[in-house]
Amino acid sequence: MHIEESVKLDFKDVLIRPKRSTLNSRSEVDIHRKFTFRHSQREYHGIPIIAANMDTTGTFEMARALGKHGLSVALHKHYPKDELVRFFHSLQTENLRPSTAFYSLGILPADFEKFSEIMAKAPDAIGYVCIDVANGYTERFIHFVKKVRTTFPQLTIMAGNVVTGDITEELILAGADIVKVGIGPGSVCTTRKMTGVGYPQLSAIIECADAAHGLGGQICADGGCVVPGDLAKAFGAGADFVMLGGMLAGHDETEGDLVEREGKKFKRFYGMSSRAAMEKYAGGVAQYRASEGKEVLVEYRGPVEGTLQDILGGVRSACTYVGARQLKELTKRTTFVRVSQQLNEVFGKS
Ligand code: 5GP
């Protein structure tokens with residue numbers, strides 16, 4: 001047994017210290033980023049925020065709404081093949097960037113087969129994939145990333161999830177362009193509770209970004225953002241992309257019907273390894289595994305557009321406070337201060 005003595009931090013443990021700046025307004029800030037990915041050599045230009053590939057948030061509707069603004073969506077895994085092919089072709093005709101939608105897949109033979117068939121029908125329409133498992137530390141996962149890289153060298157591959165620098169490097173060397181970082185911080189995730197496994201998300205981002213950047217790779221901070229300021233902290237810590245689930249739940253563009261309770265409207269939101277998801281797709285929770293996600297009702301929030309403006313406004317404003325004219329400069333200009341209190345909640349939590 002070993003104890004790591006250095007302090008590891010979460011978003012709630014820090015604030016970003018303001019810095020003297022020549023910027024007068026947040027309208028002077030550009031939060032687009034450009035990358036040329038290490039393996040695919042594909043050029044990316046967009047706002048590096050991605051809706052999570054969860055049933056509720058990884059939808060075609062969300063992709064269209066976010067795509068208009070240069071953001072991305074990792075589609076959930078459950079759309080039928082023909083709908084996916086049609087959707088990816090429509091991105092081209094609607095002039096949306098290829099990075100608008102990541103095709104998500106797990107590492108089962110059936111996932112690879114479905115993906116190969118779709119690639120055969122839409123080879124030029126798909127440029128981005130997200131290879132997603134709860135635990136990115138298995139050899140099988142690394143082999144799978146290698147296999148997708150060898151079969152489709154032109155694709156930008158995002159792969160995860162992991163939380164440490166060693167495996168981030170291994171994944172990049174195996175063919176990932178972007179490593180997805182986060183085990184346990186998600187809003188509907190119960191991994192930490194069920195297994196005791198995890199890593200404070202801010203430190204995971206700092207350590208994995210350092211490892212990835214050393215090899216010319218990128219990372220996507222996945223999970224744990226609850227307010228726009230958390231995205232600013234994630235970018236400040238070195239994240240190239242940030243993935244959001246809970247912050248995008250409850251909107252028109254999410255899947256699922258409205259539910260009424262005591263005169264108020266809600267939408268269902270659940271973790272992808274929750275009992276709810278497993279019952280929907282796998283006919284129940286298999287005997288050898290426990291559910292590591294939960295289901296919640298999120299108050300209905302209308303179109304995602306309003307939330308998006310809040311999020312982008314928050315990130316732009318953070319850049320103004322530290323004098324970063326471009327999002328790219330935010331990490332360099334970030335000094336975190338450790339705090340014991342974040343918010344004044346005397347009038348409630350909102
Ligand atoms: P959020 O933005 O809601 O805090 O986090 C979203 C992320 O939570 C997802 O992108 C995914 O990595 C993770 N996640 C989604 N469903 C589950 C689940 O059922 N269990 C666990 N452990 N993580 C989940």
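One-based numbering, in listed order, for ligands and for the atoms of each. Excluded from the calculations below are hydrogen atoms, water molecules and symmetry mates; all remaining heavy atoms, backbone and side chain alike, are included.
When heavy-atom distances to ligand 1 are checked against 4.0 Å, the residues falling inside are A52, M54, N161, G186, S187, C189, T191, D222, G223, G224, M243, L244, G245, G246, G271, M272, S273, S274, E292, G293, ordered by chain and number.
Around atom CD of E139, no more than 12 heavy atoms belonging to other residues, nucleotides or ligands sit under 6.0 Å away. The number of heavy-atom neighbours closer than 6.0 Å to NZ of K294, taken from other residues, nucleotides and ligands shown, is 12 or below.
Residues E28 and R325 are paired through a salt bridge, judged by an N-O separation under 4.0 Å between the basic side chain and the carboxylate.
Taking 4.5 Å as the limit, every side-chain heavy atom of L9 sits out of range of all side-chain heavy atoms of P200. Residues T254 and V298 form no side-chain contact, since every pair of their non-hydrogen atoms from C-beta on lies 4.5 Å or further apart.
Minimum heavy-atom separation, A122 to V85: CB-CG1, 4.4 Å.
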